[in-house]
Each structure stands twice: as C-alpha cells, then as structure tokens.
Amino acid sequence: QVQLVESGGGLVQAGGSLRLSCETSGPTFSNYAMGWFRQAPGKEREFVAAVRLSGWDKYYGGSVEGRFTISRDNAKNAVYLQMNSLKPEDTAVYYCAAGKTLPRTDATVDYWGQGTQVTVSS
C-alpha cells in the first residue's frame, strides 16, 4: 500500500504563505494522481487541489483558485501545495491524497495521509 506523510503546516499571519509537502513511502508514487483536501472545524472535508501523473494538468477548488499552487516531483516521490495570500478561512487540517483517477472527491481517493494543521491568524 501507499503511505502518505504530510509536513509543513503551522501558524501563519493572514496574508502570509506556507508550503505543504507530502512524501510517499515507496516508488509507487508515479502510478497515482495526487491531491489535497482540507477540513475545518465543524465543516466537511473540502477539495483543494489535484494534479495528474504527468504534472501537467492541475485542478483547484473555487475557494483557493489563484492563491494555491499544486506541484509534484516524481523523482522525489513528493507532491507540494504552495499556499499564498492566506486567509483565516483557510485554517484547517490539510490532507494529502492519492488516486488511480484524479482525486477530487472522497470516492476517487485510494489513500489518505494523516493530515497537517494549518492555522491562519487574523
């Protein structure tokens, strides 16, 4: 099975930036499309971003469009989420996800990371 480990979360002031990383446990990373989801307190899990195997096609949820950028490095078995212009509303636990098809919904996710906390202060 694929194991995903997120890192890079933390506390940042509104308007600031963070970069999240997700690393896999083995060479199977290149077989999966990758994505990011988030879940804020009292809310359901929300799609954030996804990228296909090639790294060429990228997709974003409407709430982060123009502010977040997803990328992947197959040689390093890693996917990243660059978050700019952060808002307090972005505060959530962010989860890395892998899927044989593009992971944009729970049904299309085959493997989940355990999450990393992002907190944006006012």
Side-chain angles (χ1 to χ4, degrees):
Q1 297 188 91
V2 175
Q3 291 185 305
L4 309 174
V5 180
E6 303 96 334
S7 63
L11 176 65
V12 65
Q13 190 175 59
S17 299
L18 283 174
R19 190 181 80 148
L20 305 184
S21 298
C22 175
E23 298 182 355
T24 64
S25 61
T28 57
F29 175 80
S30 61
N31 295 326
Y32 293 88
M34 302 295 296
W36 290 93
F37 292 75
R38 68 185 184 185
Q39 187 166 21
K43 296 184 178 180
E44 295 185 344
R45 189 153 49 198
E46 174 190 13
F47 169 72
V48 175
V51 59
R52 293 193 180 278
L53 299 176
S54 66
W56 181 260
D57 296 319
K58 301 176 181 180
Y59 306 85
Y60 298 95
S63 63
V64 306
E65 185 178 3
R67 298 187 298 120
F68 291 10
T69 302
I70 189 171
S71 62
R72 67 186 295 160
D73 187 337
N74 289 343
K76 296 182 178 180
N77 295 337
V79 62
Y80 308 97
L81 185 69
Q82 178 66 45
M83 306 184 293
N84 298 325
S85 301
L86 283 163
K87 306 174 181 179
E89 307 92 88
D90 295 318
T91 295
V93 176
Y94 284 70
Y95 298 91
C96 183
K100 286 290 187 178
T101 59
L102 197 71
R104 297 179 66 179
T105 65
D106 284 12
T108 54
V109 174
D110 295 304
Y111 301 98
W112 292 97
Q114 296 185 40
T116 185
Q117 177 71 47
V118 171
T119 303
V120 184
S121 62
S122 301

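A quick note: this is a predicted structure, and the numbers were derived from the prediction, not measured.
- Here the closest non-hydrogen pair linking Gly99 and Asp110 is CA-OD2, 3.3 Å.
- Here ring pair (Phe, Tyr, Trp, His ring centres under 6.0 Å) pairs that include residues 102-122, with residues two or more places apart or in two chains, are Tyr32-Tyr111, Phe37-Trp112.
- Between atom CZ of residue Arg52 and atom CD1 of residue Ile70 there is a gap of 12.0 Å, rounded to the nearest 0.5 Å.
- For the pair Met34 and Leu4, the minimum side-chain heavy-atom distance is below 4.5 Å.
- Under the 4.5 Å side-chain heavy-atom criterion for ILVMFWY residues, a single connected hydrophobic cluster contains both Val12 and Met83.
- Taking each heavy atom of Ser17 and Asn84 in turn, the nearest pair found is OG-OD1, 2.9 Å.
- The shortest heavy-atom contact between Pro103 and Ala50 is O-CB, 3.8 Å.
- Checked against salt bridge (Lys or Arg N to Asp or Glu O under 4.0 Å), Arg67 has the following partners two or more places apart in sequence or in another chain: Asp90.
- Val2 and Val79 fall within the same hydrophobic cluster, where Ile, Leu, Val, Met, Phe, Trp and Tyr residues are linked whenever their side-chain heavy atoms come under 4.5 Å apart, directly or through other members.
- Taking CD of Glu44 as the reference point, atom CD of Gln39 lies at 8.0 Å (rounded to 0.5 Å).
- Separation of atoms CG (Leu81) and OG1 (Thr116) is listed at 11.0 Å; rounding is to 0.5 Å.
- Looking at heavy atoms from C-beta onward, Gln117 lies in side-chain contact with Thr91 at the 4.5 angstrom threshold.
- Each side-chain hydrogen bond (donor to acceptor under 3.5 Å, both in side chains) pair with one or both residues in residues 94-105, not counting sequence neighbours, appears once here: Arg38-Tyr94, Thr105-Thr108.
- One finds the CD atom of Gln82 at 8.5 Å from the CG atom of Leu18 (value rounded to the nearest 0.5 Å).
- Here the CG-CD distance, from Asp73 to Glu23, works out to 10.0 Å after rounding to the nearest 0.5 Å.
- Hydrophobic clustering (ILVMFWY, side-chain heavy atoms < 4.5 Å, transitive): Leu102 and Phe68 are in distinct clusters.
- The CZ atom of Phe47 lies 10.0 Å from the OG atom of Ser63; values are rounded to the nearest 0.5 Å.
- Side-chain atoms of Leu20 and Glu6, non-hydrogen and from C-beta on, never get closer than 4.5 Å to each other.
- Lys58 has its side chain within reach of Tyr60: a pair of non-hydrogen atoms, C-beta onward, lies under 4.5 Å apart.
- Among all heavy-atom pairs drawn from Tyr80 and Ser21, the shortest one is CD2-OG, 3.4 Å.
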